[in-house]
Amino acid sequence: MSQELQDLLEWAKNGKIFVDPGIKFQITSDRGVICVAKEDIKNGKDLIKVPKDLALTPTLAASFFGDDWTSSHDRNQQLQLFLARLKFNDEDTFVDGVNISKKMAPYINFLPSNGRDTGLPYFWTEEEKYLLSGTDAEVFLKRFMDEIVEEWHSAVTGLKSVTMPNDMESFYQNYKKGNYNKGMAYFLEQKMTWTSFQAYLWAHCILASRAFPFVLFDPSNKLHKAFLVPVIDLLNHKNATPVRWYTSDQQQMVFSSLEDPSNMKKGLELFNNYGDKPNYAILLGYGFVIPDNKFDITTLSLKVPENYIEAAKKFGVKLPDDASAEGINFVLTKKYPLPENLIDFFAFLVRLTSENNIYTTRMLIEGIANLRAILGTKVNAFKKFKMTTDRRVAPSVARMVKVYRNLQKAIFLEAQQATIILEKNMLKKYHALSFKRILTRDKVFFNSLLLTFGVSNYNDLVAKKILDQAVLLWIVRNANKNDYKDLDPLLFPEFIYEEFQNVKKNVAITEQDVLEFRSIYKSLFPALSQMIPEVYNVGDWTPRNFIVAGTVSDRLTFKRPTNNEVFFLKKEEAKTGFGGK
Ligand SMILES: C[S@@+](CC[C@H](N)C(=O)[O-])C[C@H]1O[C@@H](n2cnc3c(N)ncnc32)[C@H](O)[C@@H]1O
């Protein structure tokens, strides 16, 4: 046991902190101090009780600063700066005549002596932070660091009795200019004075990783302030551990574990529960990650022009609240890797003007295929990322990031797999008609392709790049169905015929359409009608019908990107029925 831990426990005993004789604390090489059962522990038993007097609270910090504090910010800022002072100022800190520096010395000494030792990524080397590239943790680390810099600056410049040192002001100005985007680590390694940014960041990390909600003592505290409770903060976290924290008579804070007794047997570690958090939050708040964390999430960020966001909302897509031109952040959870609003958004992105107020089967299925491609690029980026080794990368950090990245990749992979299943289910549910199937049924048409293009199977159509023409030809044939004699009318689905008539009647043909279809048409006609008149010289095969067929194909077909299989889908309202929220 380290001297600091020994001193802390001795101080705790003298200060009337109750520690159940059935538990003990010991130091591990990889997870710091842990709490271990010395005997079988009954669940629900009060294990640690800490008098309020030994807690470091926002009230105490506020009393210390008093009128000296003028910053409008105050969530945990006062307590953080107060803690930084207790740790990094050699002068004693008095509150209402009590020397808090002296009173709390064993606790303050026990806390990590520098930023690096907190283990939180804010103090990682640049090479270590680089390992987070492309992850949510990288984004949040930058965002939170920006916030902490602002908080600190406003707190320290707001203190009447303190003049911001020049080097600190110049750090602030340079940080704002982006000059510390790389190279922060070196700055953070420098010596700390209590008002320095380094000290404030250290205090932020201490509160993030060890504090409890002050609402336990002060139910009126709406700001979610935090406070520090010695000894109870020695327990490590395990997901889903049932624990109880409560205050008795507003005088002491009590910890008890409601864990299954089989997990509290002699020799086993006893845990606290820091909450159901995803790994990026555990990493940034506590400096570790949980392998196979069932609360893990990842973010798929998409950037689209602002007018798309408005239009999507108007269409009924439930976008995340923070959606803006800066980006839309869809949260993929381990439990629901494919959120329904993400599918809706991708469906919206491929909607045609003719699809104006419903999600059609085509929109959803095509949207899902596009979404799969994006998820694929995320998975590949994770797969390709090289975990470089460097002497400035601690092996423990590299191991942790590897676990984190693997879990992130797994969520994207699960989402990608889910799109495959969803596409399959939807094609089945909405009775998609495969063009491959059409070709096996419509033998006369298929033979015409064989004779003219030398196509002997579906894959040949793809290989010879004439699949799209074949689909158009068949749509026109379908429109001419009443002109063919002796053909089974069941070969020609009514919904495709009707859409053709609808488009022909209602959609104006533009010059652009004519130009687009001219070369395709010329490559096929009049040759086809001369070679196989029984198919291509019956009914109306004019260029106009080709153009109409093009629109029908846009509206009713979906080409599966994985194997180029074309499906016809009835235009109807569809639901994924996937249940992912
Ligand atoms: C409230 S303290 C718990 C006591 C801590 N082990 C100590 O040495 O003081 C929180 C810190 O403990 C460590 N920790 C807690 N739970 C952990 C876990 N499940 N795995 C690894 N480290 C953990 C992390 O370093 C975290 O920042």
Side-chain angles (χ1 to χ4, degrees), residues 1-9 11-12 17 19 23-36 47-48 50 55-56 76 79 83 87 104 106-124 128 137 141 144 201-214 216 226-243 245 253 255 257 259 263 268-296 394-404 407:
M1 190 184 292
S2 73
Q3 188 61 48
E4 286 82 4
L5 179 60
Q6 229 168 34
D7 292 350
L8 173 75
L9 296 175
W11 166 82
I17 292 181
V19 177
I23 64 172
K24 64 176 179 183
F25 297 98
Q26 62 191 50
I27 296 193
T28 62
S29 57
D30 54 343
R31 293 176 312 124
V33 178
I34 61 169
C35 177
V36 176
L47 295 177
I48 307 170
V50 182
L56 287 175
N76 290 318
L79 182 55
L83 183 64
K87 184 77 174 175
M104 299 299 289
Y107 179 64
I108 301 294
N109 288 342
F110 167 78
L111 296 176
S113 52
N114 56 55
R116 176 79 191 173
D117 288 352
T118 65
L120 269 62
Y122 300 98
F123 286 99
W124 284 4
E128 288 169 336
L141 181 60
F144 295 166
L201 183 63
W202 171 90
H204 168 94
C205 293
I206 297 299
L207 254 73
S209 60
R210 321 187 71 89
F212 290 80
F214 191 49
L216 286 166
F227 77 124
L228 289 165
V229 195
V231 186
I232 299 185
D233 68 355
L234 293 179
L235 279 97
N236 278 356
H237 165 84
K238 192 176 81 186
N239 271 354
T241 308
V243 293
W245 313 328
M253 174 158 159
F255 170 84
S257 175
E259 179 67 289
N263 290 330
L268 294 182
E269 181 174 356
L270 303 181
F271 292 95
N272 195 349
N273 186 339
Y274 304 169
D276 302 342
K277 294 186 165 76
N279 272 342
Y280 87 81
I282 300 251
L283 181 61
L284 297 186
Y286 303 90
F288 69 99
V289 294
I290 301 176
D292 203 22
N293 183 356
K294 67 175 178 180
F295 302 112
D296 209 16
S396 57
V397 167
R399 271 196 303 275
M400 200 154 57
V401 177
K402 211 166 174 181
V403 170
Y404 170 61
L407 254 77

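All residue numbers refer to positions in the sequence shown, counting from 1. Both ligands and their constituent atoms are indexed starting at 1 by order of listing.
Not counting sequence neighbours, the partners of Y280 by the ring-ring contact (aromatic ring centres under 6.0 Å, His included) test are F140. Checked against side chain to side chain contact (heavy atoms under 4.5 Å, CB included), S2 has the following partners two or more places apart in sequence or in another chain: E4, L5, I27. Every ring-ring contact (aromatic ring centres under 6.0 Å, His included) that Y122 has, sequence neighbours left out, goes to H204.
Not one N or O on the side chain of N272 forms a donor-acceptor pair closer than 3.5 Å with the backbone of D233. A donor-acceptor pair under 3.5 Å is formed between the side chain of D296 and the backbone N or O of N279.
The immediate protein surroundings of ligand 1, defined as residues with any heavy atom under 4.0 Å of it, consist of R31, G32, V33, F110, S209, R210, D233, L234, L235, N236, H237, Y274, Y286, F288.
A salt bridge links E259 to K238: at least one charged side-chain nitrogen sits closer than 4.0 Å to a carboxylate oxygen.
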